[in-house]
Structures are given as structure tokens and as C-alpha cells.
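Everything numeric here is computed off the predicted structure, so don't read it as measured data. Just the heavy atoms: all of them, side chains too, but no hydrogens, waters or symmetry mates, feed the values below. Starting from 1, each residue takes its place in the sequence as its number.
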Amino acid sequence: MELGYTHGIAVDSQDRIFIFNMSHHAVVVLDSEGNYLFSWGEAFARGAHGLHLSREANGEEFLYLTDIVRHLVAIYTLDGRELLTISAPPLSTAYPSSEQFKPTDVSVAPNGDIYVVDGYGEYYIHRYDCAGTWLSSWGGRGSCDGQFQEPHGLWIDTSGAEPLLYVADRRNQRFPCFTLDGELLRTYIGDFLLPCDLVGDGNHYYIPDLNSRVTITDAQFRVITHIGENPNQWVDERWPDIPESEWKDDHFISPHALCLDNQGNLLVVEWVPRGRITKWQITYE
């Protein structure tokens, strides 16, 4: 089988790896060593983008998927049974047409509320309840506080006293932090090029940067290191379609998403036509 552009990645409680990619095998499930187990998701072949694996309080796990071509968010069981779809929010001024809704990422709060970022559409954050009923929205296009320029990914951090929502505001090269009600608390800037997403472990943030590197920061978004950095790879006129003969094991082409497995290893997928998945062991001295 062949993969398309690899856009999302997650790991379940059994250490199975879920890859979301633009192919007829849109959701590919691998074991912890990368061996193929099964696949499904042909309906997402053209629009596969954001992937979030949610673990409920009762231990059940579900996949939340975004489709930028069909303009929807969908919830599935891990074996591919559809449970719910969410379409454009009822905001006639922002969305006179549902085709303007192009969600790039999704995350779930501890209370079950669903947060969707419209990173390729109108640049809003939308909040829904667990049944898919729209609750609120905020953001919009711009570079002022609380506005976005291609908000591509989001992360709900539950390590503190209250959950907080962080957004990878890609073209503004920053990470605004919100309460779950949409109140802007602070904005982090730094040595970021095109940050696509972020994942936190309580002490660090791991950031896939489309411009050929992954950035690791501390809890205040101060850069600790860039790994796999491939300077100026992204200015190659062939990028991201760099021939596989020129790939280097320890250098990135176009990191798009990442996750931590249950052992703390970092798994990264890249935005390349045939897909690319790498596994990294992270050690702090």
C-alpha cells in the first residue's frame, strides 16, 4: 500500500500508532514498531488533515478527524465506525457558505467540549458540546491580539489547575493562550518559523515546524533546541517533493504533526507526497 501526504498522528493506550494521510487508506494503524495492522477511512482520501485521539474518563478512546475538502469534523471509533459529524457553525456573517469552513485541527476538553480550529477557512476557533451543538466562536483574520493568520493547530493543556487552550498561529509565528471560554491570557513569541501544531507533556512543548525542523521548548515557550533541523530545505524549489534518495534519517523536510508515545518517544509525520513517519528518542541532560 502507499501513503499520501501524512498529516496527523496519535498513539492509543495499546501503543498502536494511528496515521492520518491523504490516501484511500486514510487512517492507517501500526503497531509500536511500525508494522501494518489495518486501515480504513477512504472517505477522507482527499481531505484528511487534523487527527486527535481522545481518551474518555471510562477508558474508551475515540478519533476526532478533520476534513478540509468535505468541510467537516467527524468522530470515529478506533476501528472505523462513524459516531458523529460536525459541519460549519451557524454564523451567517462568517460562513455564508459551508464551503468556507476548512477545519485543520480539533481537541477535546476534560468536560467533553470539542474545540475546532478553522485554519484554512475563516481563522476562527469554534467550541461545540459533546453532542456537536455549537456553543461559541472567537478569533478571525488578523495580527492583533486574539486574531489569527492561519491558526493551524491547537492543544488543550490539562497539566495546571485549569485547562488552557493553546493555538499554533502559524503565519503570525506565535502561540496565543486562552481560557476554555475564549479569554486571551497571553501570547508567546520566539524562534518559530511556521509552527503547525504543539503537544505538551507538562514541562515541555513539542512543535512541528513546517520549515524543516521540530522545536522543543520549556513550559514558557523558551526554545531549548531544534531537532532534525534542515536549514533552507524549505526554499528548495522542489519542496516538499524532495526525492527520497536525498532524505536524511536525522533531518526533516516538512514536519506537520507529532505526538508522544506511552514511553515518551516522539513520533513525527511530514507533509510530503508519499508520507514520512519518524520516531525519535528524547533524552534530557
Subject >> Results of ring pair (Phe, Tyr, Trp, His ring centres under 6.0 Å) for F20 - residues two or more places apart only >> reply: F44

Original post:
salt bridge (Lys or Arg N to Asp or Glu O under 4.0 Å): which pairs involve residues 258-273, sequence neighbours left out?
Top reply: E270-R276

**OP:** Before giving the answer on ring pair (Phe, Tyr, Trp, His ring centres under 6.0 Å), spell out for F192 and F175 the whole-Å C-alpha distance, their side-chain angles and the decisive distance to 0.1 Å.
**Re:** CA-CA 10 Å; F192 310 120; F175 293 90; 5.0 Å; yes

Original post:
Rounded to the nearest 0.5 Å, how far apart are CH2 of W138 and CZ of F148?
Top reply: 7.5 Å

Original post:
Does the pair E246/R238 count as a salt bridge with the N-to-O cut at 4.0 Å?
Top reply: yes

Original post:
Heavy-atom distance under 4.5 Å between the side chains of P176 and Y166, does that happen here?
Top reply: no

Original post:
Taking C-beta and beyond as the side chain, do T104 and I68 meet within less than 4.5 Å on heavy atoms?
Top reply: yes

Subject >> Over 12 foreign heavy atoms within 6.0 Å of NZ, K279 >> reply: yes

Subject >> Considering all heavy atoms, the nearest A10-C259 contact >> reply: CA-SG, 3.8 Å

Original post:
With sequence neighbours left out, what residues match Q147 under side chain to side chain donor-acceptor pair (under 3.5 Å)?
Top reply: none

**OP:** May I ask whether L154 and L164 are part of the same hydrophobic cluster, defined by side-chain heavy atoms of I, L, V, M, F, W, Y residues being less than 4.5 angstrom apart, directly or through others?
**Re:** no

**OP:** Could you check L3, T6, N21 and say which one makes a side-chain contact (heavy atoms from CB on, under 4.5 Å) with V269?
**Re:** T6

Subject >> Derivation of the side-chain hydrogen bond (donor to acceptor under 3.5 Å, both in side chains) call for H226 and D209 >> reply: CA-CA 10 Å; H226 303 293; D209 196 306; over 6 Å; no

**OP:** Look only at the side chain of D129 and the backbone of T133, and say whether a donor-acceptor pair between them is shorter than 3.5 Å.
**Re:** yes

Subject >> H25 side chain to Y36 side chain, donor-acceptor N/O pair below 3.5 angstrom >> reply: no

Original post:
Tell me, which pairs form a salt bridge (Lys or Arg N to Asp or Glu O under 4.0 Å) where one or both residues lie in residues 178-190, sequence neighbours left out?
Top reply: R127-D181

Subject >> Counterpart residues, ring pair (Phe, Tyr, Trp, His ring centres under 6.0 Å), relative to F38 (two or more places apart) >> reply: none

Subject >> Joint cluster assignment, I19 & L267, ILVMFWY side-chain distance < 4.5 Å >> reply: yes

Original post:
Looking only at atom types and distance, does a side-chain atom of H251 sit under 3.5 Å from a main-chain N or O of N230, one as donor and one as acceptor?
Top reply: no

**OP:** Say whether Y205 and L185 are linked into one hydrophobic cluster, either directly or through other cluster members, by side-chain heavy-atom distances under 4.5 angstrom.
**Re:** yes

Original post:
Do other residues, nucleotides or ligands put more than 12 heavy atoms under 6.0 Å from N58 CG?
Top reply: yes

**OP:** Identify, with sequence neighbours excluded, every residue that meets side chain to side chain donor-acceptor pair (under 3.5 Å) alongside D250.
**Re:** none

Original post:
Quick one: does Y64's side chain get under 4.5 Å of S107's, heavy atoms only?
Top reply: no

**OP:** Check side chain to side chain donor-acceptor pair (under 3.5 Å) between D31 and all other residues, then give those that pass, not counting sequence neighbours.
**Re:** N35

**OP:** For S212 and I253, indicate whether the former's side chain and the latter's backbone hold a donor-acceptor pair under 3.5 Å.
**Re:** yes

Subject >> Pairwise side-chain hydrogen bond (donor to acceptor under 3.5 Å, both in side chains) hits with a residue in residues 65-74, at least two apart >> reply: D67-R70

Subject >> The single option from F18, F62, W40 passing ring-ring contact (aromatic ring centres under 6.0 Å, His included) against Y76 >> reply: W40

Subject >> Side-chain donor/acceptor of N172 to backbone N/O of R174, under 3.5 Å >> reply: no

Subject >> Those residues that, when tested against Y123, pass ring pair (Phe, Tyr, Trp, His ring centres under 6.0 Å) (two or more places apart) >> reply: none

Original post:
Is any side-chain heavy atom of T179 less than 4.5 Å from a side-chain heavy atom of E162?
Top reply: no

Original post:
Which residues satisfy the side-chain contact (heavy atoms from CB on, under 4.5 Å) test with N203, sequence neighbours excluded?
Top reply: D201

Original post:
Could you give the distance from CD (E56) to SG (C130), rounded to the nearest 0.5 Å?
Top reply: 9.0 Å

Original post:
Between H152 and G119, is there a donor-acceptor pair closer than 3.5 Å when you use the side chain of the first and the backbone of the second?
Top reply: no

Original post:
With sequence neighbours excluded, what pairs up with H52 under the side chain to side chain donor-acceptor pair (under 3.5 Å) test?
Top reply: none

Subject >> Neighbour count above 12 (heavy atom, 6.0 Å) for E244 CD >> reply: yes

Original post:
Yes or no on side-chain contact (heavy atoms from CB on, under 4.5 Å) for W239 and L210, after CA distance, side-chain angles and deciding distance?
Top reply: CA-CA 11 Å; W239 182 87; L210 201 65; 3.9 Å; yes

**OP:** Quick one: pull up CD1 in I75 and CG in L83 and give me the separation to the nearest 0.5 Å.
**Re:** 7.0 Å

**OP:** Applying side-chain contact (heavy atoms from CB on, under 4.5 Å), run through D15 and Q263 and close with a yes or a no.
**Re:** CA-CA 9 Å; D15 284 321; Q263 287 72 48; 3.6 Å; yes

Original post:
Any link between Y120 and V69 through a network of hydrophobic side chains (Ile, Leu, Val, Met, Phe, Trp, Tyr) touching at under 4.5 Å?
Top reply: yes

**OP:** Determine whether I125 and L165 make a side-chain contact, defined as any pair of heavy atoms from C-beta on separated by less than 4.5 Å.
**Re:** yes

**OP:** Using the six-membered ring wherever Trp is involved, compare the ring planes of H204 and Y206 and label them parallel, tilted or perpendicular (cut-offs 30° and 60°).
**Re:** tilted

Original post:
Between L37 and L63, is there a shared hydrophobic cluster once you connect ILVMFWY residues whose side-chain heavy atoms come closer than 4.5 Å?
Top reply: yes

Original post:
Given side chains that start at C-beta, do those of L258 and W280 come closer than 4.5 Å, heavy atoms only?
Top reply: no

Subject >> Neighbour count >12 (heavy atoms, 6.0 Å) for atom CD, E2 >> reply: no

Subject >> Aromatic ring pairing H49/H256, orientation class (parallel under 30°, perpendicular over 60°, tilted between) >> reply: perpendicular

Original post:
Hey, are the side chains of S87 and S98 touching, using non-hydrogen atoms and a 4.5 Å cut-off?
Top reply: no

**OP:** Determine, step by step, whether R274 and D241 satisfy the side-chain contact (heavy atoms from CB on, under 4.5 Å) criterion, reporting the C-alpha distance in whole Å, the side-chain angles of both residues, the deciding distance to 0.1 Å, and the verdict.
**Re:** CA-CA 9 Å; R274 294 164 300 283; D241 192 9; 3.3 Å; yes

**OP:** For W234, check ring pair (Phe, Tyr, Trp, His ring centres under 6.0 Å) against everything at least two apart and list the hits.
**Re:** none

**OP:** Look up atom CD1 in I282 and atom CD1 in I227, then write down how far apart they are to the nearest 0.5 Å.
**Re:** 4.5 Å

**OP:** Look up atom CG in L135 and atom CG in L180, then write down how far apart they are to the nearest 0.5 Å.
**Re:** 11.5 Å

Original post:
How far does CD1 of I9 sit from CG of D197, to the nearest 0.5 angstrom?
Top reply: 12.0 Å

Original post:
Going by heavy atoms in the side chains, are H7 and W271 under 4.5 Å from each other?
Top reply: yes

**OP:** List the steps and the verdict of side-chain contact (heavy atoms from CB on, under 4.5 Å) for L53 and L78.
**Re:** CA-CA 9 Å; L53 191 149; L78 301 190; 4.2 Å; yes

